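Here is the structure we will look at.
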Amino acid sequence: MTNATAAALIARSNRLGADPKNTNYAGGNTSAKGTETDPVTGQPVELMWVKGSGGDLGTLQEGGLAVLRLDRMRALVDVYPGLDREDEMVAAFDYCLHGKGGAAPSIDTAMHGLVDAAHVDHLHPDSGIAIATAADGEALTTKIFGEKVVWVPWRRPGFQLGLDIAEIKKQNPQAIGCILGGHGITAWADTSEEAEANSLWIIDTAAAYIAEHGKADPFGGVRSGFEALPTAERRERAAALAGTIRGIASTDKPMVGHFTDADVVLDFLASEQAPALAALGTSCPDHFLRTKVKPLILDLPATASLDEQIARLHELHEQYRADYQAYYDAHATADSPAIRGADPLIVLVPGVGMFSYGANKQTARVAGEFYVNAINVMHGAEALSTYSPISDAEKFRIEYWALEEAKLQRMPKPKSHQGRIAFVTGAASGIGKAIATRLAAEGACVVIADLDLEKAQAAAAELGNTDVAIGIAANVADADAVQAALNEAVLAFGGVDLVVNNAGLSLSKPLLETTEKDWDLQHDVMAKGSFLVSKAAARVLIDQKLGGDIIYISSKNSVFAGPNNIAYSATKADQAHQVRLLAVELGEYGIRVNGINPDGVVRGSGIFASGWGANRAATYGVAEEDLGQYYANRTILKREVVPENVADAVYVLTGPELSRTTGLHIPVDSGVAAAFLR
């Protein structure tokens, strides 16, 4: 049973974390002090429940809390070795834990434990950070809040900051909280309700003061030519740039992307002050750990041509990498972790929007959200004063902190397809759905493209939220529809790495009953459709310069002459030769093209359910419900082929084990001698 104090803390945390005006995703922490019966002594023991490392307030549950004994926590003051060795105190928190399980204590644990208040909130609200990053933030704090809120000069999070805030509260009994210079806010109270009210009062009071007293145009006027393009035009330009920009962000290691053209971003990029402010970078540690110390901002107007923008982006990327290396070299010591990559995580394109990147979609999306927070912070600080973030030296101390490095090293090893973006056609059912499911399970972001949008979205929802998979409409026989689908995919995830040409249909008829319409339909969907999808995807793959995979789900019928199957088998043979042709043509870009030849995948198949199964059963003189076993009985292994078997082949072909394989067709047919490849 959850302790009542802990339950109230979780409820308060969820309320605070649910509103983005209060704190960013996974930002800040909350705590509560109370008593619990010690199971060893049977006596009451004073405990502190505090949000642990890496958790999110909005979704916090009991398992995300660290539980510490207050007597042991406060006894650490007596053994604190001083500022130069304060990182050692994080490991000491482990010796203060009460009971089993729970989250690892965060660096902010000391702030919560040492402050003499039963309930403490540390948050990262945009309005509060705007005051914290203003050049005259200390004077503004007094002007806005009077004696109720105290200014704390910038200090890196840690044990000493906890001691500082504890002393400030002791010396200022009238205060309900403080502004942490360059960082955020902290509030406290005797009850959970009062702590929440105090936090919200600081946040809302700061926001109201900025709104009432701030300049109307803190970012200056609008730069001519840098205004937002019309919606359709800017999204088309964003899609055209996406491959190039993802390649830039992935020079050191592959990244997944996120795109936003929210008004707050477009208005900032159109302003006179955007270049200078962007160069200053972000300030709150949570922000720059996700966004890097500064973004890459394109210095061309939205009216520039696509070729001009691409060429300039490459030039700016070279300079960005040189600047980041210089930043690392200027501040690194012999004990610093190795440089983690010199590519930008935020790329800003005036008139178009913001591209943000991370190891997975959620990380990329959150990075973008954090930079929007940073824009809001800059807006507030400039409205009242001058934006003045913490120095690059202090940013480096946190970015390459030994504790941050240890946190990164604790992260689980990535799955085989993490960071890869898969575009699978005909994926709302059958083989395509099985492929999408397997790739998502292996860490890929998946775009389920299908003629039926509703079914595509339903299939995507089964795999997870939109950070994992999306469903989109795609008529592969229509070039414009294919391009629109690829555009939607690259704007959702930043690009594409793995394309599976799976969409198909079949009409089982003998030659004399096969109409021209039958022929054209099957060739349009499979032969032409695969060509159109591969062509549109290849442009993105080439722009990214990351290599990639194109997989054709062909058929054993591409080499086997079955009865009453002229149109279907001919188009499958077309697909099979496309594999060979494209393997040769795209190999110079590191793009591998391979095929899979299944046979008789009856179970879960949309093709078989739509009448093909009945026709094939009639052709072979068996009951439709026995067709799967019929196919199995005629194979060497006597085993039925199911969609998951084809998905396994896609996984192997696109995984790390066959990185030197291209132009190959893998039979997945349980052994059909007549379809052996020669």
Side-chain angles (χ1 to χ4, degrees), residues 3-17 22-23 26-35 46-53 55-58 60 64-74 76-77 89-90 93 96 98 102-103 105-125 128-129 132 145 148-152 155 157-181 183-203 284-286:
N3 179 282
T5 301
L9 171 63
I10 293 169
R12 174 173 106 234
S13 303
N14 293 164
R15 288 192 297 271
L16 289 170
N22 298 331
T23 199
N29 28 68
T30 53
S31 67
K33 303 177 182 74
T35 60
E46 281 193 285
L47 301 176
M48 178 177 71
W49 292 263
V50 59
K51 193 205 85 170
S53 178
D56 171 57
L57 288 175
L60 182 67
L65 295 172
V67 188
L68 298 91
R69 284 185 52 144
L70 269 178
D71 57 346
R72 297 180 66 81
M73 166 79 222
R74 289 170 173 164
L76 291 177
V77 174
M89 303 306 288
V90 175
F93 293 150
C96 304
H98 176 78
S106 77
I107 188 64
D108 288 318
T109 299
M111 180 194 305
H112 293 271
L114 300 179
V115 169
D116 185 19
H119 301 269
V120 179
D121 295 334
H122 168 59
L123 304 169
H124 299 152
I129 304 174
F145 306 106
K148 291 183 69 174
V149 178
V150 183
W151 172 264
V152 180
R155 185 185 291 281
F159 202 85
Q160 186 61 54
L161 180 60
L163 289 171
D164 292 348
I165 296 176
E167 183 63 22
I168 283 171
K169 182 184 182 303
K170 181 179 179 181
Q171 296 298 326
N172 297 272
Q174 78 288 348
I176 63 168
C178 54
I179 298 289
L180 308 182
H183 185 165
I185 73 166
T186 296
W188 50 75
D190 292 332
T191 70
S192 185
E193 293 78 12
E194 289 173 339
E196 183 175 355
N198 288 344
S199 294
L200 295 175
W201 183 82
I202 295 172
I203 294 166
C284 176
D286 260 20

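These figures come from a predicted structure and were not determined experimentally. Values below: all heavy atoms of this structure, side chains included; hydrogens, waters and symmetry mates excluded.
- Taking a 6.0 Å sphere around CZ of R155, one finds it holds more than 12 heavy atoms contributed by other residues, nucleotides or ligands.
- Judged purely by atom type and a 3.5 angstrom limit, W188 uses its side chain to pair as donor or acceptor with the backbone of A175.
- L60 CG to T30 OG1: the interatomic distance, rounded to the nearest 0.5 Å, is 6.0 Å.
- Annotation: side chain of I10 is not in contact with side chain of R12 (no heavy-atom distance under 4.5 Å).
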Could you walk me through whether R69 and L47 pass the side chain to side chain contact (heavy atoms under 4.5 Å, CB included) test, one step at a time? CA-CA 5 Å; R69 284 185 52 144; L47 301 176; 3.8 Å; yes
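- If you take CG on N14 and CG on D56, they are separated by 8.5 Å, rounding to the nearest 0.5 Å.
- Listed for the D121 side chain is no donor-acceptor partner under 3.5 Å among the backbone atoms of A187.
- Taking CD from Q160 and CG from L114, the interatomic distance works out to 10.0 Å, rounded to the nearest 0.5 Å.
- From S199, atom OG reaches atom CG of L16 across 5.5 Å, with rounding to the nearest 0.5 Å.
- To the nearest 0.5 angstrom, W201 atom CH2 is 14.5 Å from E194 atom CD.
- Here the side chains of F159 and V77 are in contact, with some heavy-atom distance below 4.5 Å.
- A donor-acceptor contact shorter than 3.5 Å is absent between the side chain of N29 and the backbone of G52.
- Annotation: side chain of T109 is in contact with side chain of M48 (closest heavy-atom distance under 4.5 Å).
- Residues A103 and G64 come closest through the heavy atom pair CB-O, 3.5 Å.
- Between K51 and S106 there is no side-chain heavy-atom pair separated by less than 4.5 Å.
- Residues E46 and D71 have side chains not in contact (no heavy-atom distance under 4.5 Å, counting atoms from C-beta outward).
- Residue L68 holds its CG atom at 11.0 Å from NE2 of H112, rounded to the nearest 0.5 Å.
- Between P125 and I185 there is a side-chain heavy-atom pair separated by less than 4.5 Å.
- Two residues are said to be in side-chain contact when any heavy atoms from C-beta on lie closer than 4.5 Å; D190 and H119 fail this criterion.
- In this structure, T23 contributes its side chain and H124 its backbone to a donor-acceptor pair below 3.5 Å.
- With contacts defined as side-chain heavy-atom distances shorter than 4.5 Å, the pair P157/M111 does not qualify.
- The 12-atom threshold is exceeded at CG of N172, counting heavy atoms of other residues, nucleotides or ligands nearer than 6.0 Å.
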